[in-house]
Amino acid sequence: MRETILKELLKSRQAKQPVVLATRLSDGIQKLVYLTDKTEETWLINSSHEVLTTDRIRIVEAPDGAQWFLNAFNPPLRLIVVGAVHIAQPLARIGALAGHDVTVIDPRTAFASADRFPGIALVTDWPDEAMAALAPDARTAIVTLTHDPKLDDPALAAALRSPAFYIGALGSKKTHASRLERLRAAGFDDQALTRIHGPVGLSIGAKSPAEIAVSIMGQITEVLRR
């Protein structure tokens, strides 16, 4: 790898910018491909998008017959959970097992304790402050679980202003309708509000906290991979 390529790759990693390292197998020529790149051919952009989406390496054939090896360099997956409630405990564990860097936000220190969330990053700031510091990116999923508008709404507002790939909110259809009305009053339009998955999770008949956590993580994975 040329030094210039390596420096640019490290810079992209530091900026949490998804990038594909494309190598022509016939001669070792390399280039970095960004999804916003306007100079690369459509076949390479589309193939790079697929590699980044699946997090899998791939060999593709160019229109001229050349074979290219595509290697994805994605920022880390993150899961931000707002509310250190019962559902958050299995969700944090499942999220970590699925490869996400998990952070639980809750200013209520009686809930957000190391005893209840061993090995999980805990933030006890108010959600708006915590979200500003965490700066969700396009590889971040955000789930609110408290049912408390004072905690959930600021977190959802911050999530909607971010490029987070997934936003979910726990609650019944009635609760979610009231939540959307408050967010509309805060200035968010219907198109923005469609980003919120509510009631959160896949419809699998989940009842227990662990089952609900499975349904949430399943929906996050579905959105990520599709």
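Below, all heavy atoms of this structure are taken into account, side chains as well, without hydrogens, waters or symmetry copies. Just so it is clear, the model here is predicted, and its values are computed rather than measured.
Tyr34 and Leu70 fall into different hydrophobic clusters, where Ile, Leu, Val, Met, Phe, Trp and Tyr are joined by side-chain heavy atoms under 4.5 Å apart, directly or via other members. One hydrophobic cluster, built from ILVMFWY side chains closer than 4.5 Å, holds both Val19 and Leu10.
A distance of 10.0 Å separates OG1 of Thr23 from CD1 of Ile29, quoted to the nearest 0.5 Å.
Shown here for Ala192 and Leu160, the closest heavy-atom pair between the two residues is O-CD2, 3.3 Å. Taking each heavy atom of Pro18 and Asn74 in turn, the nearest pair found is CB-OD1, 3.5 Å. Nearest heavy atoms, Lys207 versus Ile212: O-CD1, 3.6 Å.
The pair Asp189-Arg184 fails the salt-bridge criterion, with no side-chain N (NZ, NE, NH1 or NH2) lying under 4.0 Å from an Asp/Glu carboxylate O. Ion pairing of Asp101 with Arg78 is absent here, as no side-chain N (NZ or NE/NH1/NH2) approaches a carboxylate O to less than 4.0 Å. In this structure, Lys150 pairs ionically with Asp148, as a charged nitrogen and a carboxylate oxygen lie closer than 4.0 Å.
There is no side-chain donor-acceptor pair under 3.5 Å between Thr175 and Ser178. Side-chain contact, Thr140 with Tyr166: no donor N or O sits under 3.5 Å from an acceptor N or O. Side-chain contact check for Arg116 and Gln89: at least one donor-acceptor pair (N or O, by modelled atom type) lies under 3.5 Å.
Heavy-atom neighbours of His86 NE2 from other residues, nucleotides or ligands within 6.0 Å: at or below the threshold of 12. The neighbour count for Ile57 CD1, taken as heavy atoms of other residues, nucleotides or ligands under 6.0 Å away, does not exceed 12.
Side-chain atoms of Phe165 and Ile142, non-hydrogen and from C-beta on, never get closer than 4.5 Å to each other. When side chains are defined from C-beta on, Leu145 counts as touching Val81, because their heavy atoms get closer than 4.5 Å.
Remark: the backbone N or O of Ile216 is not paired with any side-chain donor or acceptor of Gln219 at under 3.5 angstrom. Counting only distance, with no hydrogens or angles, the side chain of Asn71 and the backbone of Leu21 share no donor-acceptor pair below 3.5 Å.
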